Every structure is written in structure tokens, then in C-alpha cells.
*Asks:* 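Pasting in a structure now, in C-alpha cells, and then I'll have a few things to ask.
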Amino acid sequence: MLTKPEVIDTIDELRSRLCLKRQNIASTGAEARVVLVPTMGALHDGHRALVRRAVALGEIVVVSIFVNPLQFGVNEDLDTYPRTLDADVTALAEEGATFVFAPTAREMYPDGASSTRVTAGAIGGLYEGAARPGHFDGMLTVVNKLFNIVEPDLAVFGQKDAQQVFLVERMIADLNLRVSLEVVPTVRETSGLALSSRNHNLDEPARAAARSLSAGLAAAASAALKGVPAAIVAAHAVIGAQTLVKLDYLVVVHPHTYLPVADDYRGPARMLVAAVVGSTRLIDNISLDIP
């Protein structure tokens, strides 16, 4: 019989329950590693993969479910973002999560949107940051708050949100945070489409067109043997063939700086893509090896 995780909606209660859980496990002589999986809910198989990895890494797994208003801009889908807490808790019971932290916005920001923010810097204004001003400041602010609330030994993120992962890694290093990051590869449908909570907005024609993003990235990875320009041309050829896909950006970046690489660059890189498919904004990425 599945044991549902404890659902907690206040910071004080979560801290109290975590402290007690740690003490109980430590009293047996076992390790009591805490692993945090930050999410906005509407969980799919990609989130489940993160939780499974967390369960493998630690004894206490906290999954946060919080639709963070700070990372939504004007005309973005904050009010319509899917909220499926009951179904999420059932899924997390199947994966073995210990706690679900599901605070309200008032609990996280009792005085309204916080005036103190973590800033993402120059990289936070590129790519997704250019399309969604302030998004990464809001994301880093809430992730930092979650780190301070939960005090995890590890945090698990998905590679699909590659720029987010890069910025969280940099925040951890820059602010000397005592948490390690575990990055789980992107989980995809059999068609190659990266799993996303926003995929439910795709009708069948849009879903078919959206598959061009992963197909374009795969074409780029094959063409990367010929260099950066060839990889970009290959991706454009596949994605540009879809009339329902409006490309926002397609860029090859250095994995350690996230700045665009030169045409003659050689070495490891990552291609990032974002597009509006029908009316739904999707992102994806792939690692490239440019010999």
C-alpha cells in the first residue's frame, strides 16, 4: 500500500517536521540526507524522473509545488497555469516522496512581491530572459528561499530548462550555498518532444509541429561534426519547415559561460531553442560536440 507524502503548506511546520525526521533517522545511525525537488506542480513523467533520482540519492525527499508569481511576466499564464495538487500528491506517493511543500503565495511572500531579489546578471537577460524579462530573477529568488527553508544536501533539476540549471549552478557557487546540484537528462515522448507542463495546451497539429524542435536539435548534433554554422543551418532547415512554429531563438552557447560561441569554435557546446508553437511557448536544448 502506498504511503502518501505529508503535505505541508507553512514554512514553520515544514522546518519542524524536517528537523524531527532528521533526528529520527540519525538516531538509528543512518544518514539523513535531504533532497529537494523544486516544481510548479502539474507533474508529468519528467518530474517523476527527478523525484526518482532524488529518492535514490537521499533518505528525505521534499518536493515543492509552488507556482511562483515572481517569475511570470505581464501577459504570461500565471492565472491559467495548471494546478493539480491532488493528482500530484498521488503521483508523488507512487515515487516515494517524503514531504510535499505546497505553500500559498502569501506564505512565501507575506508582504507581497519581495523587494529583495536574487539577480541573474547578464546571462539572465539573454535567451529566455530576453523573452521573459525578470523571469530568472524571480526563479532564483524563490529557489534561494526554498534552499533556505529546506536546507537540502542536494537539489534535483531537469536539463530541459538548461539556462535555469546554469543560473542555479552559478548562484550556488557565487553565494557559497551549502547544496549540491544533481541534473537529470531531459525526459521525452517517444516522438522526441520534451515533456513539459505546457504540452497539454497543444492540439494535435501543434503537437506534430512541436516535434520539429527535438528533430532540429538532433539534426544539429549530427551536423556539428562540420562546425557551428553547419549545426545551426541543419536545425533551421528542420524547424523552419513547420508553419505552425514561430522561432524565437536558436543559439549555440559555451557550457561554462552560456555566451554564444564563434563560428570557428571547437569543443563542447549546447544548442538552445525556443519557439511558439500554435499559441504555446516551448523550449528545448541539446549537448553538441564540435570536434
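For clarity, every value in this text was computed on a predicted model and none was experimentally measured.
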*Asks:* Shortest non-hydrogen contact from Thr98 to Glu59?
*Replies:* OG1-O, 4.0 Å

*Asks:* How long is the gap from CZ on Arg53 to CG on Leu57, to the nearest 0.5 Å?
*Replies:* 4.0 Å

*Asks:* In terms of side-chain geometry, is the basic nitrogen of Glu151 or Arg15 positioned less than 4.0 Å from the acidic oxygen of its partner?
*Replies:* no

*Asks:* Donor-acceptor pair, distance only, cut-off 3.5 Å: does the side chain of Asp88 make one with the backbone of Val100?
*Replies:* no

*Asks:* Looking only at atom types and distance, does a side-chain atom of Thr141 sit under 3.5 Å from a main-chain N or O of Val118, one as donor and one as acceptor?
*Replies:* yes

*Asks:* Any chance you could lay out the side-chain contact (heavy atoms from CB on, under 4.5 Å) test for Met108 and Phe66, step after step, and finish with the verdict?
*Replies:* CA-CA 9 Å; Met108 293 295 281; Phe66 179 59; 3.7 Å; yes

*Asks:* Among Val261, Val252, Val251, Val253, which one satisfies side chain to side chain contact (heavy atoms under 4.5 Å, CB included) with Arg270?
*Replies:* Val253

*Asks:* So which heavy atom on Val55 is nearest to which on Gly96, and how close?
*Replies:* CG2-O, 3.8 Å

*Asks:* What do the steps show when you test Leu181 against Phe157 for side-chain contact (heavy atoms from CB on, under 4.5 Å), and what is the final call?
*Replies:* CA-CA 7 Å; Leu181 205 64; Phe157 284 77; 3.3 Å; yes

*Asks:* Are Val143 and Val184 linked, directly or through intermediate hydrophobic residues, by side-chain heavy-atom contacts shorter than 4.5 Å (ILVMFWY only)?
*Replies:* no

*Asks:* Are the side chain of Gln71 and the backbone N or O of Phe136 linked by a donor-acceptor pair below 3.5 Å?
*Replies:* no

*Asks:* Near Asp174 CG, under 6.0 Å, is it more than 12 heavy atoms from other residues, nucleotides or ligands?
*Replies:* yes

*Asks:* When you look at Val67 and Arg83, which way does the side-chain contact (heavy atoms from CB on, under 4.5 Å) test go after all the steps?
*Replies:* CA-CA 8 Å; Val67 182; Arg83 292 162 171 83; 3.5 Å; yes

*Asks:* Is any side-chain heavy atom of Tyr109 closer than 4.5 Å to a side-chain heavy atom of Val142?
*Replies:* yes

*Asks:* With Arg33 as reference, evaluate Val61, Asp153, Ile60 under the side chain to side chain contact (heavy atoms under 4.5 Å, CB included) test and give the passing residue.
*Replies:* Asp153

*Asks:* Flag yes if Val34 and Ile172 sit in one hydrophobic cluster, no otherwise; membership is Ile, Leu, Val, Met, Phe, Trp, Tyr, and two members link when side-chain heavy atoms are under 4.5 Å apart.
*Replies:* yes

*Asks:* Is the backbone of Val276 close enough, under 3.5 Å, to the side chain of Thr280 for a donor and an acceptor to pair up by distance?
*Replies:* no

*Asks:* Are Leu213 and Ile283 co-members of a hydrophobic cluster defined by side-chain heavy atoms under 4.5 Å apart?
*Replies:* no

*Asks:* Apply the side chain to side chain contact (heavy atoms under 4.5 Å, CB included) test between Val156 and each candidate in Thr39, Leu50, Val51; give the one that qualifies.
*Replies:* Leu50

*Asks:* Any side-chain to backbone donor/acceptor pair from Asn68 onto Gly138? Under 3.5 Å, distance only.
*Replies:* yes

*Asks:* If we only count heavy atoms from C-beta on, is the Val89 to Pro5 side-chain gap below 4.5 Å?
*Replies:* yes

*Asks:* Side chains of Pro255 and Phe166: closer than 4.5 Å at any heavy-atom pair?
*Replies:* no

*Asks:* Out of curiosity, Leu85 CG to Leu43 CG, how far, rounded to the nearest 0.5 Å?
*Replies:* 9.0 Å

*Asks:* Which residue in the set Leu36, Ile11, Val179, Val62 passes side chain to side chain contact (heavy atoms under 4.5 Å, CB included) when paired with Leu146?
*Replies:* Leu36

*Asks:* To the nearest 0.5 Å, what is the distance between OG (Ser64) and CG (Leu14)?
*Replies:* 9.5 Å

*Asks:* Is a side-chain N or O of Thr84 found less than 3.5 angstrom from the main chain of Ala87, in a donor-acceptor match?
*Replies:* no

*Asks:* Does Val277 offer a backbone N or O that forms a donor-acceptor pair with the side chain of Lys246 under 3.5 Å?
*Replies:* no

*Asks:* Any idea how Tyr81 and Phe72 line up, ring-wise: parallel (<30°), tilted (30 to 60°), or perpendicular (>60°)?
*Replies:* perpendicular

*Asks:* For Ala235 versus Leu250, what's the shortest heavy-atom pair and its separation?
*Replies:* CB-CD2, 3.6 Å

*Asks:* Show the numbers, then the answer: is there a salt bridge (Lys or Arg N to Asp or Glu O under 4.0 Å) between Arg281 and Glu128?
*Replies:* CA-CA 11 Å; Arg281 181 180 176 80; Glu128 281 303 285; 2.4 Å; yes

*Asks:* I need the minimum non-hydrogen distance between Val245 and Ala209, along with the two atoms involved.
*Replies:* CG2-O, 3.6 Å

*Asks:* Strictly by modelled atom types, are Asn285 and Tyr127 linked by a side-chain donor-acceptor pair under 3.5 Å?
*Replies:* no

*Asks:* Given side chains that start at C-beta, do those of Asn201 and Ser279 come closer than 4.5 Å, heavy atoms only?
*Replies:* no

*Asks:* Has the side chain of Gln163 got a donor or acceptor atom that lies under 3.5 Å from a matching backbone atom of Ile123?
*Replies:* yes

*Asks:* Would a distance-only check, ignoring hydrogens and angles, find a side-chain to backbone donor-acceptor pair under 3.5 Å from His47 to His44?
*Replies:* yes

*Asks:* Please test Asp284 against Arg211 for salt bridge (Lys or Arg N to Asp or Glu O under 4.0 Å), starting from the C-alpha separation and ending with a verdict.
*Replies:* CA-CA 11 Å; Asp284 205 344; Arg211 295 167 187 148; over 6 Å; no

*Asks:* Find out if a path of hydrophobic residues (ILVMFWY) with successive side-chain heavy-atom gaps under 4.5 Å connects Val35 to Phe147.
*Replies:* no

*Asks:* May I have the step-by-step check of ring-ring contact (aromatic ring centres under 6.0 Å, His included) for Tyr265 and His254, ending in yes or no?
*Replies:* CA-CA 9 Å; Tyr265 172 79; His254 194 289; 5.5 Å; yes

*Asks:* Minimum heavy-atom separation for Ile290 to Ala269, with atom names?
*Replies:* CD1-CB, 4.1 Å

*Asks:* Closest approach of Asn199 and Leu195, non-hydrogen atoms and distance?
*Replies:* ND2-CA, 3.8 Å

*Asks:* With rounding to the nearest 0.5 Å, note down the distance linking NZ in Lys145 to CG in Leu70.
*Replies:* 8.5 Å

*Asks:* Please determine whether residues Ile65 and Phe99 belong to a single hydrophobic cluster, defined as Ile, Leu, Val, Met, Phe, Trp and Tyr linked transitively by side-chain heavy-atom distances below 4.5 Å.
*Replies:* no

*Asks:* Would you say that Asp9 contacts Glu107 through its side chain, given a criterion of any heavy-atom pair below 4.5 Å between the two side chains?
*Replies:* no

*Asks:* Just wondering, do His200 and Pro82 contact through their side chains at under 4.5 Å, heavy atoms?
*Replies:* yes

*Asks:* Stepwise, does the salt bridge (Lys or Arg N to Asp or Glu O under 4.0 Å) test hold for Glu189 with Arg207?
*Replies:* CA-CA 11 Å; Glu189 298 180 358; Arg207 181 176 290 273; 2.5 Å; yes

*Asks:* So, taking the atom named NZ in Lys160 and the one named OG in Ser196, what distance separates them when rounded to the nearest 0.5 Å?
*Replies:* 4.0 Å

*Asks:* Quick one: does Arg266's side chain have a donor or acceptor within less than 3.5 Å of a partner on Pro291's backbone?
*Replies:* yes

*Asks:* Does any part of the side chain of Tyr258, heavy atoms only, come nearer than 4.5 Å to the side chain of Leu272, both counted from C-beta?
*Replies:* yes

*Asks:* With rounding to the nearest 0.5 Å, note down the distance linking CD in Glu169 to CD in Gln164.
*Replies:* 11.0 Å

*Asks:* Are Glu94 and Arg52 ion-paired here, with the side-chain N under 4.0 Å from a carboxylate O?
*Replies:* no

